[in-house]
Amino acid sequence: MKNIKINYILNVFVVALLSFVNFSCERNMSEDATLSTYSKNGDVFIDTFSAGLGYGAFGGSKYTAFTVDTDVKYQGTASMRFDVPSVGDPTGTYAGGVFIDGSGRNLTEFDALTFWVKGSQAATLNEVGLGTDFGLNKYNVRMQNVPIDTNWKKIIIPLPDASKLVQEKGMFWYSEGPENGLGYSFWIDNVKYEKLGTIAHAQPVILDGTNSSQQAYIGSTINLSGLTDTFNMPNGINQTISVAPSYYIFTSTNPSVASVNELGVVSIIGSGTTLIKATFAGIEVAGSLTVNSLGAFSHATAPTLNSANVISIFSNAYTNVPVEYFNGYWTGSTTQGQVDIHIAGDDVIKYSQLNYVGIQFSQPTINATPMTFIHLDIKVQNTTGIRNSIKIKLADFGADGVYGNGNDSSFEFSYTNATLATGAWVGIEIPLSSFTGLTSRAHLAQIIIGPSTSGITDILVDNIYFHN
């Protein structure tokens with residue numbers, strides 16, 4: 001399995017620049033003047049870099065992964081070589097970076113970004129694309145899981161709407177992790193923008209083309225996801241790419257309930273219901289979001305314990321330990337959601353279709369031996385069924401910190417409180433001594449939440465921490 005951290009690299013841009021690039025300022029000018037100002041050069045790397053390009057490595061990547069190779073090339077005299085590190089390499093967990101033209105280029109006359117690629121072995125490139133500029137990345141395009149082998153192969157990335165690319169700075173980016181834990185090398189050559197004229201039948205969607213609905217509160221935001229465009233390629237095969245929200249124009253049927261900005265962020269501003277839809281290059285796309293605003297949000301009581309006496313898993317009141325996930329989407333779990341609510345500086349976990357859900361913090365595990373209680377704030381949202389009891393399970397991974405090696409221990413405690421059924425926030429305090437089957441708390445790694453009966457299906461969770 002590849003290092004999953006690279007799947008999130010576009011959300012965190014902690015940057016180390018190997019080549020400094022000067023970014024030009026935006027200027028107010030007519031559209032005609034803008035179109036004629038920026039270079040229309042489509043070449044990125046043909047034996048060498050075209051003028052104006054600089055390279056920046058992504059944070060956490062191997063900064064020396066990229067070099068120019070004069071021995072291996074598709075054509076001409078040189079290619080770009082990328083050396084992917086193995087798992088555990090102290091120089092970085094993956095290879096990833098971006099090639100930027102600081103002045104920007106006018107790419108409106110092209111319909112594809114193309115390049116040739118080969119590897120030292122058969123592999124799957126996690127992500128390649130364009131539009132990453134270490135800024136807003138407004139017109140980012142991402143192609144995922146690109147198969148390569150030891151022979152040169154041409155890759156075509158369609159441009160979803162080239163008319164937007166009047167001054168694009170992000171010429172090319174990539175992100176690739178170890179294959180089965182081991183590093184390898186791959187080469188890329190003849191990177192350029194082209195007008196192929198053989199890419200057809202664009203099918204853009206939002207929310208993966210589904211008509212979804214979601215409850216929300218005034219002051220919260222929703223990030224629209226599942227934004228893709230599918231094209232019929234020159235070889236007759238359909239290719240799907242992920243595209244940035246700025247390629248779309250979003251509308252809200254009831255702007256007094258919610259508005260949407262060009263980055264696909266839905267802001268809830270009033271009570272009621274609205275329908276969020278989108279167009280792409282003037283055409284209405286598949287997929288929509290119905291927002292049911294429940295009005296003002298009631299927050300859980302803010303914790304007041306001294307932070308010196310707290311190990312926090314999830315709370316805005318404290319510094320939290322590293323958490324791998326708040327929903328592992330484990331086999332058999334029907335639970336949807338995780339940290340989905342963000343209101344006035346308060347982050348809240350929202351779970352729906354709850355049967356059980358796992359929160360994991362094993363890198364590193366935590367030593368809760370000095371602690372005496374676990375605390376959670378829970379609010380039951382569904383209004384039918386038996387809603388007065390919930391189960392909390394703690395799991396310790398043992399001295400090796402690894403699940404399933406025979407030294408794990410765990411125990412599940414059923415907590416009952418009639419107030420849960422009222423839909424109010426309930427502060428749950430459970431003595432750790434109640435987890436009688438938990439033989440050690442020195443390497444805690446999981447908290448598992450589930451209903452004691454089938455009655456609780458939708459909950460909000462806040463302020464998860466251990467304390468003494």
Side-chain angles (χ1 to χ4, degrees), residues 7 10 40 42-45 74-75 105-119 122-132 137-149 151-166 168 170-176 186 188-212 224-251 264 277-289:
N7 294 332
L10 292 183
K40 295 184 178 182
D43 291 347
V44 179
F45 184 95
Y74 170 67
Q75 283 180 338
R105 298 187 190 181
N106 180 354
L107 304 176
T108 57
E109 296 179 359
F110 304 106
D111 62 8
L113 168 62
T114 69
F115 60 90
W116 289 82
V117 61
K118 67 171 288 187
T124 302
L125 298 184
N126 286 82
E127 298 176 326
V128 292
L130 64 129
T132 292
N137 310 312
K138 284 183 62 176
Y139 299 117
N140 186 269
V141 172
R142 174 174 52 178
M143 181 183 288
Q144 296 176 289
N145 302 321
V146 179
I148 65 172
D149 54 38
N151 297 312
W152 286 104
K153 176 182 179 181
K154 186 174 184 178
I155 304 298
I156 300 173
I157 303 177
L159 303 188
D161 183 358
S163 69
K164 302 281 189 180
L165 306 180
V166 175
E168 182 53 55
M171 294 293 100
F172 177 75
W173 68 268
Y174 73 99
S175 180
E176 169 64 341
F186 66 94
I188 290 179
D189 201 358
N190 284 15
V191 185
K192 60 184 177 180
Y193 288 84
E194 296 188 70
K195 180 68 173 180
L196 299 178
T198 53
I199 300 174
H201 309 303
Q203 301 175 58
V205 303
I206 64 172
L207 300 166
D208 296 318
T210 63
N211 297 319
S212 305
L224 293 175
S225 60
L227 279 61
T228 65
D229 202 354
T230 301
F231 295 85
N232 187 254
M233 304 299 285
N235 60 6
I237 297 175
N238 285 343
Q239 175 66 57
T240 297
I241 57 175
S242 297
V243 297
S246 295
Y247 285 101
Y248 298 79
I249 296 177
F250 300 100
T251 58
K277 302 185 74 175
T279 58
F280 194 107
I283 301 173
E284 186 170 305
V285 305
S288 66
L289 175 66

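Just so it is clear, the structure is predicted and the values come from calculations on it, not from any experiment.
- Note: Phe280 and Tyr247 have parallel aromatic rings, judged against thresholds of 30 and 60 degrees for the angle between ring planes.
- With contacts defined as side-chain heavy-atom distances shorter than 4.5 Å, the pair Val166/Thr108 qualifies.
- When all heavy atoms of Thr198 and Pro234 are compared, the pair lying nearest together is OG1-CG, 3.1 Å.
- The number of heavy atoms from other shown groups lying within 6.0 Å of CD (Glu109) does not exceed 12.
- Scanning for side chain to side chain donor-acceptor pair (under 3.5 Å) contacts around Ser242 gives an empty result, with sequence neighbours left out.
- Partners of Lys192 under the salt bridge (Lys or Arg N to Asp or Glu O under 4.0 Å) rule, at least two apart in sequence or in another chain, do not exist in this structure.
- Taking the side chain to side chain contact (heavy atoms under 4.5 Å, CB included) definition, one finds that Thr251 meets it with Lys277, sequence neighbours left out.
- Judged by distance alone, with hydrogens and angles left aside, the side-chain atoms of Asp111 form a donor-acceptor pair with the main-chain N or O of Gly197 at under 3.5 Å.
- Among all heavy-atom pairs drawn from Trp152 and Trp116, the shortest one is CZ3-O, 3.6 Å.
- At least one side-chain heavy atom of Ile156 sits under 4.5 Å from a side-chain heavy atom of Met233.
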Subject >> Check against side-chain hydrogen bond (donor to acceptor under 3.5 Å, both in side chains), Asn238 and Thr230 >> reply: CA-CA 6 Å; Asn238 285 343; Thr230 301; over 6 Å; no

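- Within the model, atoms CZ of Phe250 and CG of Leu289 stand 10.5 Å from one another, a figure rounded to the nearest 0.5 Å.
- In summary, Arg105 and Glu168 do not engage in a salt bridge, as defined by a charged side-chain N under 4.0 Å from a carboxylate O.
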**OP:** Could you check Glu194 against Lys154 for salt bridge (Lys or Arg N to Asp or Glu O under 4.0 Å), going step by step and ending with a plain yes or no?
**Re:** CA-CA 13 Å; Glu194 296 188 70; Lys154 186 174 184 178; 3.3 Å; yes

**OP:** Evaluate side-chain contact (heavy atoms from CB on, under 4.5 Å) for Tyr139 paired with Val243, printing each intermediate quantity in order.
**Re:** CA-CA 7 Å; Tyr139 299 117; Val243 297; over 6 Å; no

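- Put simply, the side chain of Asn106 never gets that close to the backbone of Lys40: no donor and acceptor are under 3.5 Å apart.
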Pairs of donor and acceptor atoms involving the side chains of residues 199-208, under 3.5 Å and at least two apart or interchain, shall be tabulated with distances.
none

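- Shortest non-hydrogen contact noted between Asn190 and Gln75 is ND2-OE1, 3.0 Å.
- Exactly one of Val117, Ile155, Asn145 qualifies for a side chain to side chain contact (heavy atoms under 4.5 Å, CB included) with Leu125. That residue is Val117.
- Side chains of Met143 and Ile241 form a contact here, defined as non-hydrogen atoms less than 4.5 Å apart.
- Under the 30°/60° scheme for interplanar angles, the aromatic rings of Phe110 and Tyr193 are found to be tilted.
- Of all the heavy atoms in Leu130 and Met171, the pair that sits closest is CB-O, 3.9 Å.
- Ser288 and Asn211 form a side-chain donor-acceptor contact under 3.5 Å, judged by distance and modelled atom types alone.
- Under the rule for a salt bridge (Lys or Arg N to Asp or Glu O under 4.0 Å), Lys195 has no partner lying at least two apart in sequence or in another chain.
- Nearest heavy-atom pair, Leu159 versus Phe231, reported as atom, atom and distance to 0.1 Å: O-CZ, 4.2 Å.
- Annotation: Phe115 is in aromatic contact with Phe172 [ring centroid separation under 6.0 Å].
- Donor-acceptor pairing under 3.5 Å is lacking for the side chains of Gln144 and Asn126.
- For the pair Asp43 (side chain) and Phe45 (backbone), a donor-acceptor distance under 3.5 Å is absent.
- When side chains are defined from C-beta on, Thr240 does not count as touching Asp229, because their heavy atoms never get closer than 4.5 Å.
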**OP:** Any chance you could lay out the side-chain contact (heavy atoms from CB on, under 4.5 Å) test for Asn140 and Trp173, step after step, and finish with the verdict?
**Re:** CA-CA 10 Å; Asn140 186 269; Trp173 68 268; 3.2 Å; yes

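- Atom CG in Leu107 sits 5.5 Å away from atom CG in Leu165 (nearest 0.5 Å).
- Partners of Lys138 according to the salt bridge (Lys or Arg N to Asp or Glu O under 4.0 Å) rule, which considers only residues two or more places apart in sequence or in another chain, are Glu262.
- Taking every heavy atom of both residues into account, Leu227 and Pro245 meet most closely at CD2-CA, 3.4 Å.
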